[in-house]
Amino acid sequence: MLNKRLKSLVSAFVLGAFAFSLPMTADAKRIHDKKTTTKTEARQYSKKAKTKKVERVNSKDVSESSKVDSILSQETTPQTILDPISEINSARYPAYSPDYSQEVSTPQTVSVYDTSISGTPLATQEQCVKYLLEHNPYPNLAVSAEEIVAYYYEEGAREGIRPDVAFAQALKETGFFKYGGDVIPEQNNYCGLGTTGGGVKGEFFATPQMGVRAHIQHLLAYSSTRRPLTPIIDPRYDLVRNAYGSQILGDWQDLNGRWAVPGKYYGQEILSMFKAILAQ
């Protein structure tokens with residue numbers, strides 16, 4: 001009898017010890033772990049927060065896209081804005097509505113020390129031609145030296161831009177029409193419109209006169225709020241106007257770091273060439 005009780009006690013002790021030694025499963029621990037439940041709720045909250053963040057980002061993208069669409073809807077030509085990055089940058093500025101009732105009133109240039117972009121010529125067409133041919137007897141142009149100069153005086157006079165200084169800028173940009181950089185003569189691009197280096201050729205224009213017109217229009221975009229009197233063919237005209245709004249750059253030195261980068265003395269170098277033209 002004693003042996004039976006002893007056996008029973010031993011059996012119970014062994015079974016109890018075995019049951020106590022069984023490992024608790026991971027599922028069971030997660031079910032009863034309050035900290036784990038809190039973590040689960042936190043993950044759900046984080047997921048909702050991320051969803052809201054994505055919605056906010058998408059809403060911002062739509063807003064930015066709407067600004068760009070607004071700029072594009074005001075274009076006068078289909079090629080006004082070409083660079084997607086520039087489109088977004090220009091969309092940060094309010095679109096400018098110029099006063100079309102303004103009449104062209106060109107200030108008279110009377111001094112060689114006048115640094116204004118707008119004005120009348122001091123140099124003659126003959127002086128411009130002579131200065132060009134002295135530095136390059138065979139300019140790489142589709143027209144004669146006399147014709148290209150005449151285009152600058154015609155287009156400049158129409159828009160109130162000083163043609164002799166604009167021509168000096170063309171000489172600087174093209175290396176006296178020798179080229180040698182990214183722009184090629186066939187582009188009729190005399191001011192580096194659209195070229196940024198590294199093989200980017202920039203804009204092409206159908207004729208030399210259209211190339212001159214685009215150059216003058218681009219100068220007008222910087223120096224006046226009045227739109228050109230001829231249809232806009234400068235693809236970057238509206239980019240400049242939308243960026244500057246009612247502000248203008250009145251002097252050639254104001255183009256430093258804007259027309260050319262870094263271009264620290266860009267405007268001064270143009271004016272120096274202009275004075276050399278006058279010395280002919």
Side-chain angles (χ1 to χ4, degrees), residues 104 106-112 114-195 201-223 228-235 237 252 255 259-260 266-267 269-280:
V104 177
T106 305
Q108 184 76 24
T109 303
V110 296
S111 171
V112 67
D114 188 340
T115 61
S116 301
I117 296 174
S118 299
T120 55
L122 289 179
T124 65
Q125 295 189 42
E126 290 75 14
Q127 286 174 310
C128 291
V129 171
K130 184 177 179 181
Y131 182 68
L132 164 59
L133 297 180
E134 276 189 358
H135 289 81
N136 181 14
Y138 306 102
N140 206 337
L141 289 162
V143 294
S144 68
E146 290 78 8
E147 286 176 293
I148 199 70
V149 170
Y151 290 147
Y152 270 95
Y153 275 69
E154 178 184 345
E155 299 296 333
R158 178 187 295 115
E159 302 297 353
I161 300 296
R162 294 171 65 180
D164 42 7
V165 190
F167 181 70
Q169 183 183 22
L171 296 181
K172 175 175 173 56
E173 287 283 346
T174 62
F176 292 92
F177 299 107
K178 294 177 183 177
Y179 297 95
D182 295 326
V183 179
I184 58 176
E186 290 76 15
Q187 290 178 239
N188 297 315
N189 185 344
Y190 308 125
C191 62
L193 262 177
T195 184
K201 293 190 177 303
E203 309 302 336
F204 284 73
F205 299 99
T207 66
Q209 184 168 12
M210 292 302 100
V212 173
R213 182 172 298 176
H215 182 183
I216 296 297
Q217 287 181 351
H218 205 60
L219 286 169
L220 185 69
Y222 279 109
S223 61
L229 298 180
T230 54
I232 295 174
I233 61 172
D234 167 21
Y237 176 89
W252 290 94
L255 300 179
W259 195 296
Y266 182 73
E269 291 168 356
I270 292 171
L271 290 169
S272 179
M273 295 179 74
F274 157 68
K275 290 175 183 178
I277 291 174
L278 280 176
Q280 297 298 310

J.: Is there a donor-acceptor contact under 3.5 Å from the side chain of Q217 to the main chain of P231?
T.: yes

J.: Where do S111 and L122 come nearest, in terms of heavy atoms and distance?
T.: O-CD1, 3.4 Å

J.: Would you please name every residue forming a salt bridge (charged side-chain N to carboxylate O under 4.0 Å, His left out) with E155, sequence neighbours left out?
T.: R158, R213

J.: Looking only at heavy atoms, what is the nearest atom pair of L132 and L171, with distance?
T.: CD1-CD2, 3.8 Å

J.: What pair of heavy atoms forms the shortest contact from L271 to T115, and how long is it?
T.: CD1-CG2, 3.7 Å

J.: Quick check against the 3.5 Å criterion: does Q127 have a side-chain atom that pairs as donor or acceptor with the backbone of A279?
T.: no

J.: For residues P139 and L133, report the shortest heavy-atom separation together with the two atoms involved.
T.: CD-CD2, 4.0 Å

J.: Between Y190 and N188, does any side-chain donor sit less than 3.5 Å from a side-chain acceptor?
T.: yes

J.: Which pair of heavy atoms, one from A168 and one from F274, lies closest together, and at what distance?
T.: CB-N, 3.9 Å

J.: Looking only at non-hydrogen atoms, find the nearest pair between G156 and P163 and report the distance.
T.: CA-CB, 4.5 Å

J.: For H215 and E173, does a side-chain donor sit closer than 3.5 Å to a side-chain acceptor?
T.: no

J.: Do the ring planes of Y266 and W259 sit parallel (below 30°), tilted (30 to 60°) or perpendicular (above 60°)?
T.: parallel

J.: I want to know whether F176 and Y131 have ring centres closer than 6.0 Å.
T.: yes

